[in-house]
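Just so you know, these numbers use all the heavy atoms, side chains as well, and skip hydrogens, waters and symmetry mates. Every chain is numbered from 1 and lettered A, B, ... according to where its sequence line falls, protein lines coming before strand lines.
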2 protein chains.
Amino acid sequence: MFLSMRSDRVTQADRRARSRNALLESAARGLSRYGYGNLVLEQVATDAGYTRGALYHQFKDKQDLTLAVLEWILQTWTEEVGVLVEKESEPVAALLALARGHAVFCRRDIARVAVALRLEFSGQDHVIGRAVEDAYELLVKRCVRLINAGRKAGAIPPGPPTRSLALAFLGAFEGAVIALDGQAPHDELLAARAAAGVLGLDPLTATRRP
Amino acid sequence: MFLSMRSDRVTQADRRARSRNALLESAARGLSRYGYGNLVLEQVATDAGYTRGALYHQFKDKQDLTLAVLEWILQTWTEEVGVLVEKESEPVAALLALARGHAVFCRRDIARVAVALRLEFSGQDHVIGRAVEDAYELLVKRCVRLINAGRKAGAIPPGPPTRSLALAFLGAFEGAVIALDGQAPHDELLAARAAAGVLGLDPLTATRRP
DNA sequence: GAACCTACATACGCGTCTGTATGTTTCTGA
DNA sequence: TCAGAAACATACAGACGCGTATGTAGGTTC
């Protein structure tokens with residue numbers, strides 16, 4: 001019993017979780033850089049310090065691995081960015097917090113996974129494409145609600161349909177963040193400015209921190 | 001002589017040009033939808049009404065075809081969007097014309113070729129990646145000059161480094177345009193708003209047409 | 001410590017896609 | 001009108017990457 005607790009002897013569950021995490025992280029990097037089609041599982045495994053055997057022991061196939069990466073990323077996004085949005089009571093403040101938080105979140109090298117997958121599978125009837133679209137749709141709906149609330153409160157001027165506005169809102173700051181590629185600290189400010197601009201708000205006053 | 005001019009008998013040069021165009025267009029659609037890695041030449045040829053034999057007769061290989069598509073798109077972009085920018089004398093007006101023009105340009109299904117290739121090859125030492133980056137760099141430089149001019153004239157407020165601003169500027173309206181996916185007429189307005197926001201201009205006054 | 005289970009490695013079959021080599025049709029020019 | 005060239009189709013070879021089958025080392029349970 002004591003022997004089995006020695007630090008160099010790890011439990012099976014720990015061992016499994018450790019390699020799973022390493023594989024997920026490696027796969028996320030790979031997906032972010034090369035996309036799904038160009039992702040080579042041999043490379044993913046090697047980068048994580050394993051072989052393809054370990055990968056296929058933990059994941060059913062390439063698709064299963066990708067879905068796991070997606071789920072993993074969405075969860076961390078919710079934990080890190082979602083909570084920032086929740087904290088804000090004003091709709092406009094929440095939307096700008098979303099843009100800022102996303103910029104900070106994307107400073108890691110896994111930033112482009114969602115965008116890459118969405119571009120690669122958009123308009124196709126594919127499991128992965130649907131998974132990304134579904135997650136994205138939730139985000140769009142959330143923005144639609146916030147924008148509607150902001151308009152009702154008079155904080156956001158009338159204009160294009162709410163859904164179009166939400167799509168452009170997300171696309172704009174996402175595009176800015178990817179283009180800046182983690183250039184702190186400007187990424188945060190410029191993402192917020194892009195977001196404010198789409199919403200029809202004066203970017204300089206909207207992004208002035210209290 | 002007369003017989004050779006009959007409408008159902010086309011000259012070899014015409015024939016060549018016609019099939020080349022068909023192949024280029026088909027390849028552009030494919031690249032836009034699936035990216036380089038997932039592009040299947042058999043599909044490209046079939047969509048254009050040919051076989052891979054015709055394709056390999058006109059283009060050296062997949063890479064050559066892709067570079068030709070890129071060149072073709074850049075040229076039409078210059079003809080359709082570039083001229084709009086040239087016409088404006090004020091830097092800010094030129095930048096907003098760029099955003100608007102790009103939105104209109106991207107209503108076609110070849111919109112995402114450049115973005116897809118840039119995402120797929122960014123950070124890699126690949127001929128295609130360099131070609132896209134080089135073209136993009138020219139555009140960035142152009143924006144840098146316009147932004148500098150705008151700042152000198154007092155039309156654009158000071159802030160982040162010009163290059164960062166230019167990158168975010170391009171990324172923001174490009175992202176918005178892709179997200180809207182050709183939803184006329186909102187794409188044009190919202191692209192301009194995103195662009196104005198990044199530059200620090202009030203989007204409502206900046207996008208008010210004269 | 002013996003039997004069992006789990007984590008991981010190695011080896012191979014198979015399909016897919018690219019590029020080339022060779023055959024067939026269509027046009028051109030003397 | 002016919003020989004040659006260009007456009008295009010078909011057939012084949014090689015590479016690559018996925019998934020699976022099988023072997024081995026390390027951990028767990030009794």
Side-chain angles (χ1 to χ4, degrees), chain A residues 1-24 26-27 30-31 33-69 120 124 126-128, chain B residues 1-24 26-27 30-31 33-69 120 124 126-128:
Chain A
M1 185 54 174
F2 275 2
L3 280 176
S4 71
M5 283 304 177
R6 265 182 7 200
S7 62
D8 58 333
R9 259 177 85 96
V10 290
T11 177
Q12 292 278 67
D14 279 350
R15 204 180 161 198
R16 181 177 182 85
R18 194 177 300 179
S19 49
R20 185 182 160 93
N21 265 347
L23 290 167
L24 277 178
S26 169
L31 284 172
R33 282 190 198 149
Y34 314 112
Y36 182 82
N38 296 321
L39 186 72
V40 179
L41 298 188
E42 172 93 44
Q43 193 61 40
V44 171
T46 303
D47 283 1
Y50 297 91
T51 64
R52 273 173 55 244
L55 198 155
Y56 274 97
H57 180 63
Q58 299 250 16
F59 304 95
K60 186 175 157 287
D61 53 15
K62 192 176 180 178
Q63 184 174 296
D64 183 43
L65 168 68
T66 305
L67 289 174
V69 167
E120 195 165 354
Q124 291 178 53
H126 193 284
V127 185
I128 296 177
Chain B
M1 186 56 174
F2 274 0
L3 280 177
S4 69
M5 282 303 177
R6 269 184 3 205
S7 61
D8 58 334
R9 261 177 85 95
V10 290
T11 176
Q12 292 280 65
D14 279 350
R15 204 181 163 198
R16 183 177 181 86
R18 194 178 298 180
S19 49
R20 184 184 160 93
N21 265 347
L23 289 166
L24 277 177
S26 169
L31 284 170
R33 282 192 199 147
Y34 313 113
Y36 183 82
N38 296 322
L39 185 73
V40 180
L41 298 188
E42 173 92 43
Q43 193 62 40
V44 171
T46 303
D47 284 2
Y50 298 89
T51 64
R52 274 174 51 244
L55 198 156
Y56 274 97
H57 179 64
Q58 299 253 14
F59 303 96
K60 186 174 155 287
D61 52 16
K62 191 175 179 177
Q63 184 175 296
D64 183 42
L65 169 68
T66 305
L67 290 175
V69 167
E120 194 165 353
Q124 291 179 53
H126 193 285
V127 184
I128 296 176

- Query: For Arg18(A) and dG27(D), what is the distance between atoms CZ and C1' respectively, to the nearest whole Å?
  - Reply: 14 Å
- Item | Main-chain N/O of Ile128(A) paired to Gln63(A) side chain as donor or acceptor, under 3.5 Å | no
- Task: May I have the distance from Asn38(B) (atom CG) to dC18(D) (atom C1'), rounded to whole angstrom?
- Result: 14 Å
- Checking dG19(C), dA9(C), dG19(D) against the side chain of Arg52(A) (C-beta onward), the nearest is dG19(D)
- Item | Nearest-Å distance for atom pair CG/C1', residues Leu41(B) and dA15(D) | 15 Å
- Message: Tell me whether Glu120(B) contacts the main-chain N or O of Gly35(A) through its side chain, where contact means a donor paired with an acceptor under 3.5 Å.
- Response: no
- Message: Can you measure Glu42(A) atom CD to dC8(C) atom P for me and round it to whole angstrom units?
- Response: 16 Å
- Query: Rounded to the nearest 0.5 Å, how far apart are CZ of Arg20(B) and CG of Leu55(B)?
  - Reply: 10.5 Å
- To the nearest Å, give me how far apart NZ (Lys60(B)) and P (dT18(C)) are. 14 Å
- Query: Can you tell me if Ser26(B) uses its side chain to pair, donor with acceptor, with the backbone of Ala22(B) under 3.5 Å?
  - Reply: no
- Item | Donor-acceptor contact present, side-chain Gln58(B) to main-chain Arg16(B), <3.5 Å | yes
- Taking the side chain of Lys62(B) as heavy atoms from C-beta outward, which of dT28(D), dA7(C), dG19(C) is closest to it? dG19(C)
- Query: For dA6(D), does either OP1 or OP2 sit under 4.0 Å from a side-chain N or O belonging to Gln58(B)?
  - Reply: no
- Note on the structure: Taking dC18(D), dT10(D), dA9(C) as options, the one with an atom nearest any side-chain atom of Ala54(A) is dA9(C)
- Query: Over how many whole Å does the gap from Leu55(B) atom CG to dC17(C) atom C1' extend?
  - Reply: 13 Å
- Output the single nucleotide from dT20(D), dG17(D), dA9(C) whose closest atom is nearest the side chain of Val40(A). dG17(D)
- Task: Take the protein atom OH of Tyr56(B) and the nucleotide atom P of dT22(C), then report the distance between them rounded to whole Å.
- Result: 17 Å
- Message: I want to check one thing: is the phosphate of dC8(D), taken as OP1 and OP2, less than 4.0 Å away from some side-chain N or O of Ser19(B)?
- Response: yes
- Message: Among dA9(C), dT20(D), dC8(D), which nucleotide has an atom closest to any side-chain atom of Tyr50(A)?
- Response: dA9(C)
- Message: As a test of reading the structure: which of dG19(C), dA9(C), dA7(C) is closest to the side chain of Arg16(A), going by heavy atoms?
- Response: dA7(C)
- Query: In whole angstrom, what separates Arg20(B)'s CZ from dC8(D)'s P?
  - Reply: 12 Å
- Task: Identify whether any heavy atom of Leu65(A) sits under 4.0 Å from a base atom; if not, whether one sits that close to sugar-phosphate; answer base, sugar-phosphate or nothing.
- Result: nothing
- Note on the structure: His57(B) has its side chain closest, among dC8(D), dT28(D), dG19(C), to dC8(D)
